[in-house]
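What follows is a short report on a single structure.
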Number of protein chains: 4
Amino acid sequence: MFKINPSSSQPIYEQVVSQVKESILKGALREGEKLPSVRELAEMTRVNPNTIGKAYKTLEKERIIVTIRGRGTFVNESLDIKTDSTALIQLKKKLKDIIVELHYFGVEKDDAQKIISEIYLELRKEADHASS
Amino acid sequence: MFKINPSSSQPIYEQVVSQVKESILKGALREGEKLPSVRELAEMTRVNPNTIGKAYKTLEKERIIVTIRGRGTFVNESLDIKTDSTALIQLKKKLKDIIVELHYFGVEKDDAQKIISEIYLELRKEADHASS
Amino acid sequence: MFKINPSSSQPIYEQVVSQVKESILKGALREGEKLPSVRELAEMTRVNPNTIGKAYKTLEKERIIVTIRGRGTFVNESLDIKTDSTALIQLKKKLKDIIVELHYFGVEKDDAQKIISEIYLELRKEADHASS
Amino acid sequence: MFKINPSSSQPIYEQVVSQVKESILKGALREGEKLPSVRELAEMTRVNPNTIGKAYKTLEKERIIVTIRGRGTFVNESLDIKTDSTALIQLKKKLKDIIVELHYFGVEKDDAQKIISEIYLELRKEADHASS
DNA sequence: GTGGTCTAGACCACG
DNA sequence: GTGGTCTAGACCACA
């Protein structure tokens, strides 16, 4: 389910955070559903439990998941839309950087839009697959 | 010209790299044009010269700029399109992560496409301004 | 009557302790009045009976309630004023921490006093409501 | 400067967080001033560097301090007022709990107001002492 | 030099 | 059983 690349420059805990978010978006994890325990996921991914714990803590601060004492961690049932404007501005900044990078690969506006569409298609396809 | 945020999570040298690339794309830096020397830019941006040096080295590896001993560093005159497929795949991966993040801000496909368009518009506008 | 938030950072048993104390203060629970049994309250609040048991034990240690074997648990009829000075010092320490926190929300002395007044008003109002 | 009680029930990193906030409020730490490095403070307080690091990270997320790569951590120069309403509600909840606790020590409204005043006086006094 | 990440292993409170 | 905290020690990127 979760694939970790320990030699990536992206920190392991961020990889976990990303993949949990992606799983929720795809529907592989539904609202209210229980996540694997810290220890379980640590064993599954061959990662230190503290690292998984850090990822879960990060997700909890973003209100993506909630932890219930002694029971485990669950996908938040009332996933509200975030409104942290500075975070959104940072995201747009990152997007701009990527677009500039793509330019040096010969990818201009139309191609970029196509790539975006592909990504959404990909996410949607896996979501349909999960729900069927 | 270059605005550096030393408390950003993005490394300073990467900020410099990004802004040089962006300046070229906008036309603020033309092909063949001379860049400020490491020391000059370091002073302008109040950044450690080693950091600027690292940024220039990075740009040189990507063949965006070339340094001519004793003359200085210049924007590469024959900017060819990069074909490093693994780098492109990494970029798409980052793009996917950003799209997933945007989802939690309520930004879905159509809005994302709009944001992309806005970014291109913004880059184009500044480019026109630079050439006039 | 008792509202438990299992995903709060405050332990469930402490939430129960707090709410029992608050109920007594408001008059919803009178001196000598019988409390629900551990099992009853556990079912009402959908909480593990061991957790309710721990809350009751804690309240008993503080002499807020007394348990009479075979009869049940009751609000202590002779609620005397506590004189544990170390406990009081700890409370003041917590109060100081909260005041420091409030400062970062722009809440200074006068506003803090107002908030305190509001809380007493709130408690008093609910007490009047309970006695009518 | 910082006094840590390792046997307190309050986590060490929270003690550090509290004391940094208090120091800023008192003026012992001014805006823009450099904090001790993680390693320095760890040695001063006889605490593991990771624990100090966690405290600093927490403070950074709250925008109380900023870290500048390779240079250290500094008190944020533009300390804006926080507006996280849910956090403020939680603070008021804690305040209510403390007021209920105080009741069992015979501390009612007027005494509580006095205690608050004393705390502000105490903070102010130390602040004046620091600035003189 | 700085902070950031990760691991291994331990202890604890809670339920 | 769950997650939370802490330590010790290591490695790394950045400036």
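Numbers restart at 1 for each chain; the letters A, B, ... are given by sequence-line order, proteins then strands.
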Open item on the list: How would you summarise protein contacts on nucleotides 8-15 of chain E per nucleotide, using B for base, S for sugar-phosphate only and - for none, with heavy-atom distances below 4.0 Å?
Closed with: BB----SS
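Shown here for C:D84 and C:T86, the closest heavy-atom pair between the two residues is OD1-OG1, 2.8 Å. Nearest heavy-atom pair across B:Y56 and B:L41 is OH-CD2, 3.4 Å. Taking every heavy atom of both residues into account, A:I4 and A:Q19 meet most closely at CD1-NE2, 4.3 Å.
Secondary structure note: stems in DNA chain F built from 3 or more consecutive Watson-Crick or G-U wobble pairs under 3.5 Å occupy E:1-14 with F:1-14.
Residues D:I24 and D:L79 meet the side-chain proximity criterion, which asks for heavy atoms closer than 4.5 Å. In this structure, B:I52 and B:I12 have side chains that are not in contact, with every pair of non-hydrogen atoms separated by 4.5 Å or more.
A:L35 has its CG atom 13 Å from the C1' atom of F:dG3, to the nearest Å. Between the CD1 atom of A:I68 and the C1' atom of F:dG1 there is a distance of 15 Å, rounded to whole Å. Nucleotide E:dC6 holds its C1' atom 15 Å from the CG atom of A:N5, rounded to whole Å. When the C1' atom of E:dG3 is taken as reference, atom NZ of D:K34 falls 11 Å away, rounded to whole Å. Atom-to-atom, CD of A:E60 to C1' of F:dG4 comes out at 11 Å; the value is rounded to the nearest Å. What separates CD of A:Q15 from P of E:dT5 is a distance of 13 Å, to the nearest Å.
Distances shown here put a side-chain N or O of D:K57 below 4.0 Å from the OP1 or OP2 atom of E:dT5. For D:T67, no side-chain nitrogen or oxygen approaches OP1 or OP2 of E:dG3 to under 4.0 Å.
Atom CG in D:L95 sits 5.0 Å away from atom CD1 in C:I98 (nearest 0.5 Å). Note: B:E33 CD to B:S23 OG = 9.5 Å, rounded to the nearest 0.5 Å. Distance check, rounded to the nearest 0.5 Å: CG of D:N76 to CG of D:L59 gives 11.0 Å.
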- [ ] Please lay out, stage by stage, how C:E62 and C:K21 fare under the test salt bridge (charged side-chain N to carboxylate O under 4.0 Å, His left out).
- [x] CA-CA 11 Å; C:E62 296 189 34; C:K21 286 178 181 170; 2.9 Å; yes
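Residue contacts for D:G53: at a heavy-atom cut-off of 4.0 Å it reaches no nucleic acid atom on any strand shown.
When each of D:S37 and A:R46 is assigned the nucleotide of DNA chain E with its nearest heavy atom, D:S37 is the one assigned upstream, toward the 5' end.
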